[in-house]
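Some notes on the structure that comes next.
Order of the sequence lines fixes the chain letters, A, B, ..., with proteins taken first and strands second; residue numbering starts at 1 for each chain.
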Number of protein chains: 2
Amino acid sequence: MDSAEETTGGYRPWSEVTPDAARRLLVAAVEAFAERGYHATTTRDIAGRAGMSPAALYIHYKTKEELLHRISRIGHDKALEILETAASGPGSAAGRLDAAVRSFVLWHAAHHTTARVVQYELDALAPEHRSEIVELRRRSDAAVRRILADGVAAGEFDVPDVPGTTLAVLSLCIDVARWFNTAGRRTPEEVGALYADLVLRMVGAAPEAAQK
Amino acid sequence: MDSAEETTGGYRPWSEVTPDAARRLLVAAVEAFAERGYHATTTRDIAGRAGMSPAALYIHYKTKEELLHRISRIGHDKALEILETAASGPGSAAGRLDAAVRSFVLWHAAHHTTARVVQYELDALAPEHRSEIVELRRRSDAAVRRILADGVAAGEFDVPDVPGTTLAVLSLCIDVARWFNTAGRRTPEEVGALYADLVLRMVGAAPEAAQK
DNA sequence: AAGGCTGCTAAGCGCTTGCTCACCCTCCGG
DNA sequence: CCGGAGGGTGAGCAAGCGCTTAGCAGCCTT
């Protein structure tokens, strides 16, 4: 099992999870959930991947669902941070949209294992955890919508349906986590560049407008 | 449980499944798989929704996985038919792309319960069933790529990366099944129209070019 | 009326699941 | 040298899983 994709890239993921054994369990859970899905993953599988006995899991986490919640929370925090950073940055709306799509897609491709769990296992969360996460997603939506609205107001974009286009842009980016494969021909950077171009076309912005 | 979305629209879905009890079980399975996912759905749940005992399921299907395979096969056949019909139709490349995206998205929205199972439960299939389905998906990809290549050759489209754009277009359409909600504000037709417009912009076709 | 086929159920088998519990290391301040 | 706390294990429990089997009602044919 290769997890190089999670440890490269300059920043150390999951560094906020301590102690060490809790982090190893969480990383093992991310891999297992991404491969087989939350419901098809057993606590024995997670513990085994982390090199521990099944009982060890319950020293650090109350339930299997708490593990998913921690993963989902940390992942959504990161995704939201990426979008809000791009949305509130300097430069033109086109430049900010380019940066938002590019970095958001880059994250989904480079960390597609994590992203797959974060984006596709929402329904497995307990109701109170689910609504907490849904609120974070609402804020992600708002960040993208703000860029589009700014671009329309500034005359940079031609977007007849801002909420609908916001939905489509986020949907397009999120779905990268489903199909992206490290064995494929494209690097995360290439996919980010391709998608940024496609999205700028969707909003009717000239390609050169993205150069802030 | 309301299944009006599966019975409206002029064509009768699952009519190819007989006898009646087998169809009722299959429809029940579609609903259950879409709501909770394949692995989280029990055979008792499926049988209960169909108003039968758990054992009744095994008269018509050998295993729970065979149910998923039948659903996936029928759904993929329908999806492929929609794309190939549009791809080999008359008219300009822009007109065919418009029709393909519009009808493909319409199907994913109107039958989002079925589409969710078809598009997101692929990994739960047994290896030999999975590769059969993957072949159908390869042909869907080829149908869209053909339209894009035709448009580029005819000078209608400006698409620097045909395989990448094909992937993005299909990904965008497929993901409709994940977020579409009958309680939402948009009708399947409206989403189809919106997405057809967005995709035509992605390939650099003038909106009026779609009018064959 | 008899016989057999079809479609279904009640009961339950063998197994796996999430999770618990009694116990045991290792480290560390006094 | 001790005692307790934190991190770990082996064994196992109750519940739920996919699936099987024995048996039975209703209907078609003869």
**Under-3.5 Å donor-acceptor pair between B:Arg44 side chain and D:dG18 base** = yes
**Message:** Of the listed nucleotides (C:dC19, C:dA10, D:dT9), which one gets closest to any side-chain atom of A:Lys64?
**Reply:** C:dC19
**Request:** Could you work out which one of C:dC19, C:dA10, D:dC19 sits closest to the side chain of B:Thr63?
**Result:** D:dC19
**Prompt:** A:Leu57 has an atom CG; how far is it from atom C1' of C:dC21, in whole Å?
**Reply:** 16 Å
**Asked** Looking at NE2 of B:His60 and CG of B:Asp20, how far apart are the two atoms once the value is rounded to the nearest 0.5 Å?
**Response** 9.0 Å
**Asked** Given atom CG of B:Asp45 and atom P of D:dC17, what is their separation to the nearest angstrom?
**Response** 9 Å
**Prompt:** Atom OH of B:Tyr38 and atom P of D:dG18: how far apart are they, to the nearest Å?
**Reply:** 8 Å
**Asked** Taking CD1 from A:Ile46 and P from C:dC19, how many angstroms apart are they, rounded to a whole number?
**Response** 10 Å
**Message:** Do A:Val144 and A:Phe104 make a side-chain contact, defined as non-hydrogen atoms from C-beta onward lying under 4.5 Å apart?
**Reply:** no
**Upstream residue (5' side of DNA chain D) when B:Lys62 and A:Pro19 are each assigned their closest nucleotide** = A:Pro19
**Complete:** Regarding the side chain of A:Met52, the nearest nucleotide among D:dT9, D:dT21, D:dG18 is D:dT9
**Item:** Whether A:Trp179 and A:Tyr195 hold their rings parallel, tilted or perpendicular, with breakpoints at 30° and 60°
**Value:** tilted
**Request:** Return the value, rounded to whole Å, for the distance between atom OH of A:Tyr58 and atom P of D:dG10.
**Result:** 17 Å
**Request:** Send over the distance from A:Arg23 CZ to D:dG7 P, rounded to a whole Å.
**Result:** 14 Å
**No-hydrogen, no-angle side-chain donor-acceptor test under 3.5 Å, B:Asp175 and B:Tyr120** = yes
**Request:** Could you work out which one of C:dG18, D:dT9, D:dC19 sits closest to the side chain of B:Pro54?
**Result:** D:dC19
**Message:** What is the distance, to the nearest angstrom, from the OH atom on B:Tyr61 to the P atom on D:dG18?
**Reply:** 16 Å
**Asked** Is the distance from OP1 or OP2 of C:dC8 to the nearest side-chain N or O of B:His60 less than 4.0 Å?
**Response** yes
**Prompt:** Whole-Å distance between D:dG23 P and B:Ile59 CD1?
**Reply:** 17 Å
**Message:** Please classify the nucleic acid contact of B:Ser53 as base, sugar-phosphate, or nothing, using heavy-atom distances under 4.0 Å.
**Reply:** base
**Prompt:** Can you tell me if the side-chain N/O atoms of A:Thr43 get under 4.0 Å from OP1 or OP2 in C:dG18?
**Reply:** yes
**Message:** Testing the 3.5 Å rule here: is there a donor-acceptor pair between the side chains of A:His39 and A:Glu121?
**Reply:** no
